[in-house]
Amino acid sequence: MRVESAEGIAFDIDVPVAVIGAGAAGLVAALAAHEAGAEVLVIERDPVPRGSTALSAGLVPAPGTRWQREAGLEDSPELFSADIMAKAKNEPDPALVARLAGSVGPALEWLSHRHGLPFSVITDFRYPGHSANRMHGLPSRSGEELVDRLARAVEAAGIPILCDATVDTIYTEGDAIRGLGLVRPDGSRERVACRALVLACNGYGGNKALVAQHVPELAGALYFGHEGNQGDALLWGEALGAATRHLSGHQGHGSVAHPHGILITWATVTEGGFQVNAEGRRFSNESKGYSEQAAEVLRQPDGLAVTVFDERIAGIARQFEDFRRAESAGAIVAADTIAELATRLHMPEAALAGTLDEVEALKREGRRDEFGRSFAGVPALEPPYRAVRVTGALFHTQGGLVVDRDARVLTQSGAPIPNLFAAGGAACGVSGTGPGGYLSGNGLLAAVALGRIAGQAAGAMAMA
Ligand SMILES: Cc1cc2nc3c(=O)[nH]c(=O)nc-3n(C[C@H](O)[C@H](O)[C@H](O)COP(=O)(O)OP(=O)(O)OC[C@H]3O[C@@H](n4cnc5c(N)ncnc54)[C@H](O)[C@@H]3O)c2cc1C
């Protein structure tokens, strides 16, 4: 990834706003910049827009939405901000947190009424760390539907998406961005001049060297995000003198079906399930969060664990297409008794039965276990039982380029690079420095809320 002077460069086309990356951040930014009156070009390295967005459950946290009001749920941006700050031990920039928490609800409502995305709020379970039910998703609860619907909205608005085009060069003129260079699969090159540039090409989860440097505890872990996210925004930003922050921050996940590689909803745990290792024994406080749980699972023999739950919980989990896919693929083990479950999992029966007894006693007595987990308020597991073998994975990085309230990329001195914006995983998010700082939904929060802010600001700048 290069940054070069634009002096003497002949550009093939000139656009007011260029957006690198066609995931949620880039597509939302494109819609917002277009609405601000600017012509926009989105550039995407893949043949079709997918990104990590397509791999996600597509759930976006938002407070105070009309869907929450209709469901009688009380919530506010202040409560959401407090949850984000508490999860990340007050490490994130409070001004950015407040900005995102205050703008994500209006962004979802805009995507709904303006672009026809039929969001609804999830009311039957709550992710750890959220003090209100505020996860919003599309009917299939899949990120594929989110990126497909966004791409269709972008196309309906007449905004071109140039696919099969990898940006590898940014051209500068003085302190400002002048344009970019891209390469096609056949090796041919094109140069695009722009008045404003939005970096929406996510973080560095797909770049093994950058992961080893910044997130060494997950250096060898399965990367479950989009391979195309090679840290290009970070590398360009560093070359441009941009400030970076929280580069060790990331989202892991301790619940990826093995060997099927399918995400299993964490509701399997929060609703009263638990994780055991190959010996049938629990090893951690699973309720701390699925992100922290990645490293916990990877520390177990072969880097594997089994999540034990029941048919009631499977019923909740079936609202997720991924879970239904996991069932079709045979990843979910079913058994009428705990003895049968142990046999099917090749696990010592006495140990597994003992662990289940302990968990059910904890639920009845309202006690915390030796790891600090409280099972208070969750129902007992009832036969028939369900289980799934899982591993821990890196989903995406949370550190990145430091931006101001208008998503402008800041230099190390704190001054903005005049016409450069970052959104989604390209920008430093609100999860702090460790895996524990990731509050469910922080990823798409930064993509949707910051994407809209970046697009509005880039569009306004290009039209000024
Ligand atoms: C399995 C999984 C589940 C998740 N579930 C959730 C969830 O339910 N809720 C939530 O909030 N978050 C979730 N996340 C995180 C969420 O997916 C990301 O935070 C979010 O999608 C980031 O959006 P983005 O637009 O920044 O990046 P992406 O969607 O990854 O898009 C970036 C795009 O940029 C393109 N690109 C990269 N470099 C270049 C280049 N040089 N030139 C051209 N194009 C380039 C890529 O090909 C990609 O299409 C999950 C992540 C994973 C992996």
Side-chain angles (χ1 to χ4, degrees), residues 1-2 18-30 42-62 100 104 122 127 135-138 141-144 146-147 150-151 161-170 180-184 192 198-207 222-236 250-253 255-256 261-266 290-291 320 322 393-398 400 422-427 429-431 438-451 454:
M1 293 302 120
R2 296 186 298 271
V19 177
I20 305 176
L27 295 171
V28 170
V42 182
I43 302 156
E44 166 57 50
R45 57 182 283 161
D46 285 353
V48 282
R50 299 251 67 86
S52 282
T53 303
L55 301 169
S56 78
L59 299 183
V60 191
L100 297 189
V104 68
I122 292 183
Y127 281 93
M135 284 297 186
H136 296 70
L138 294 168
R141 307 292 191 233
S142 80
E144 210 166 338
L146 177 61
V147 78
L150 286 172
I161 306 177
L162 192 64
C163 288
D164 278 327
T166 303
V167 180
D168 64 359
T169 309
I170 287 184
L180 54 89
L182 59 90
V183 59
R184 300 297 216 140
V192 178
V198 180
L199 299 175
C201 42
N202 208 336
Y204 36 95
N207 184 322
L222 170 73
Y223 172 54
F224 208 64
H226 182 63
E227 287 298 335
N229 296 327
Q230 292 290 322
D232 298 349
L234 176 65
L235 296 170
W236 285 317
H250 63 275
Q251 180 199 1
H253 210 298
S255 183
V256 173
I262 302 173
L263 174 63
I264 302 296
T265 169
W266 202 235
Y290 55 68
S291 183
F320 294 98
D322 277 343
L394 170 63
F395 273 22
H396 61 136
T397 50
Q398 282 288 289
V430 290
S431 304
Y438 186 83
L439 183 69
S440 301
N442 275 0
L444 285 173
L445 168 68
V448 172
L450 211 49

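In listed order, ligands and their atoms are each counted from 1. FYI, side chains are in, hydrogens and waters are out, and symmetry mates aren't considered; it's all heavy atoms of this structure.
The side-chain heavy atoms of L59 and L444, taken from C-beta on, include no pair separated by under 4.5 Å. Side-chain atoms of L162 and V192, non-hydrogen and from C-beta on, never get closer than 4.5 Å to each other. Here the side chains of Y290 and T265 are not in contact, with every heavy-atom distance at 4.5 Å or above. Under the 4.5 Å side-chain criterion, counting only non-hydrogen atoms from C-beta, N229 is in contact with Y223. Side-chain contact between P49 and C163 is present, with heavy atoms from C-beta onward closer than 4.5 Å.
Atoms of ligand 1 lying under 4.0 Å from at least one heavy atom of F224, given by number and element, are 1 (C), 53 (C). Remark: ligand 1 atoms within the under-4.0 Å shell around heavy atoms of Y438 are 10 (C), 11 (O), 12 (N). Taking every heavy atom of N229 and a limit of under 4.0 angstrom, the matching atoms of ligand 1 come to 30 (O), 32 (C), 37 (C), 46 (C), 48 (C). Close approach of ligand 1 to G228 is summarised as follows: ligand atoms under 4.0 Å from at least one heavy atom of the residue are 37 (C), 38 (N). Residue I43 has at least one heavy-atom neighbour below 4.0 Å for each of these atoms of ligand 1: 43 (C), 44 (N). For ligand 1 and S52, the ligand atoms under 4.0 Å from any heavy atom of the residue are 17 (O), 21 (O), 28 (P), 29 (O), 30 (O). Listed by atom number, the atoms of ligand 1 under 4.0 Å from A447 heavy atoms are 23 (O). Listed by number with element, the atoms of ligand 1 under 4.0 Å from a non-hydrogen atom of G424 are 26 (O).
Among A165, G429, C201, A233, the residue whose heavy atom sits closest to atom 37 (C) of ligand 1 is C201. With G58, G400, G21 as candidates, the residue nearest to atom 34 (O) of ligand 1 on a non-hydrogen basis is G21.
On a distance-only criterion, G425 and ligand 1 share at least one N/O pair closer than 3.5 Å. Where the criterion is an N or O separation shorter than 3.5 Å, residue side chain and backbone included, T166 fails it with respect to ligand 1. In terms of N/O distances under 3.5 Å, ligand 1 is not approached by M1. For ligand 1, none of its N or O atoms has an N or O atom of A423 under 3.5 Å away. Taking only nitrogen or oxygen atoms, main chain and side chain alike, N202 reaches within less than 3.5 Å of ligand 1. For ligand 1, the polar-atom distance check against H396 finds a nitrogen or oxygen pair separated by under 3.5 Å. Of the N or O atoms in A426, none lie within a sub-3.5 Å distance of an N or O in ligand 1.
The nearest protein atom to atom 21 (O) of ligand 1, hydrogens excluded, is given as T53 OG1, 2.9 Å; this is a heavy-atom distance. Ranking protein heavy atoms by distance to atom 20 (C) of ligand 1, first place goes to L444 CD2, 3.8 Å. Counting protein heavy atoms only, atom 31 (O) of ligand 1 is closest to G23 CA, 3.4 Å. Scanning the protein heavy atoms around atom 52 (C) of ligand 1, the nearest turns out to be F395 CD2, 3.5 Å. Of the protein's non-hydrogen atoms, the one nearest atom 32 (C) of ligand 1 is A200 O, 3.5 Å. At the top of the distance list for atom 35 (C) of ligand 1, counting protein heavy atoms only, stands E44 OE1, 3.3 Å. What sits closest to atom 5 (N) of ligand 1 on the protein, heavy atoms only, is S56 CB, 3.2 Å. For atom 9 (N) of ligand 1, the nearest protein heavy atom (residue, atom name, distance) is L59 O, 2.9 Å.
Here the shortest heavy-atom pairing between A22 and L27 reads O-CD1, 3.5 Å. Here the shortest heavy-atom pairing between T397 and Y204 reads OG1-N, 3.0 Å. Of all non-hydrogen atoms in W236 and D168, the two that sit nearest each other are NE1-O, 3.7 Å. Contact detail for A393 and V256: the closest heavy-atom pair is CB-CG2, 4.0 Å. Heavy atoms only, all atoms of each residue included: L150 and A24 are closest at CD1-CA, 3.9 Å. Taking all atoms of both residues into account, the shortest heavy-atom contact from A454 to V198 is CB-CG1, 4.1 Å.
Residue I20 places a heavy atom less than 4.0 Å from ligand 1. The closest approach between Q251 and ligand 1 falls below 4.0 Å for a heavy atom of the residue.
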### Query
Y438 and H253: ring-ring contact (aromatic ring centres under 6.0 Å, His included), yes or no, with the steps?
CA-CA 10 Å; Y438 186 83; H253 210 298; 9.2 Å; no
### Task
In sequence, state the C-alpha distance, the side-chain angles, and the governing distance for D322 and E144, and then conclude on side-chain contact (heavy atoms from CB on, under 4.5 Å).
CA-CA 11 Å; D322 277 343; E144 210 166 338; over 6 Å; no
### Task
Would you please test H250 and L394 for side-chain contact (heavy atoms from CB on, under 4.5 Å) and show each step?
CA-CA 8 Å; H250 63 275; L394 170 63; 3.9 Å; yes
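Atom CG of residue L235 and atom CG of residue N207 lie 6.5 Å apart, to the nearest 0.5 angstrom. Note that OG1 of T53 and CG of N202 are 7.0 Å apart. Values are rounded to the nearest 0.5 Å. Note that CG of D232 is 10.5 Å distant from OG1 of T169, once rounded to the nearest 0.5 Å.
If you look at A25 next to ligand 1, the close heavy atoms, those under 4.0 Å, come from the backbone and the side chain alike. Counting heavy atoms closer than 4.0 Å to ligand 1, residue H226 contributes side-chain atoms (C-beta onward) but none from N, CA, C or O.
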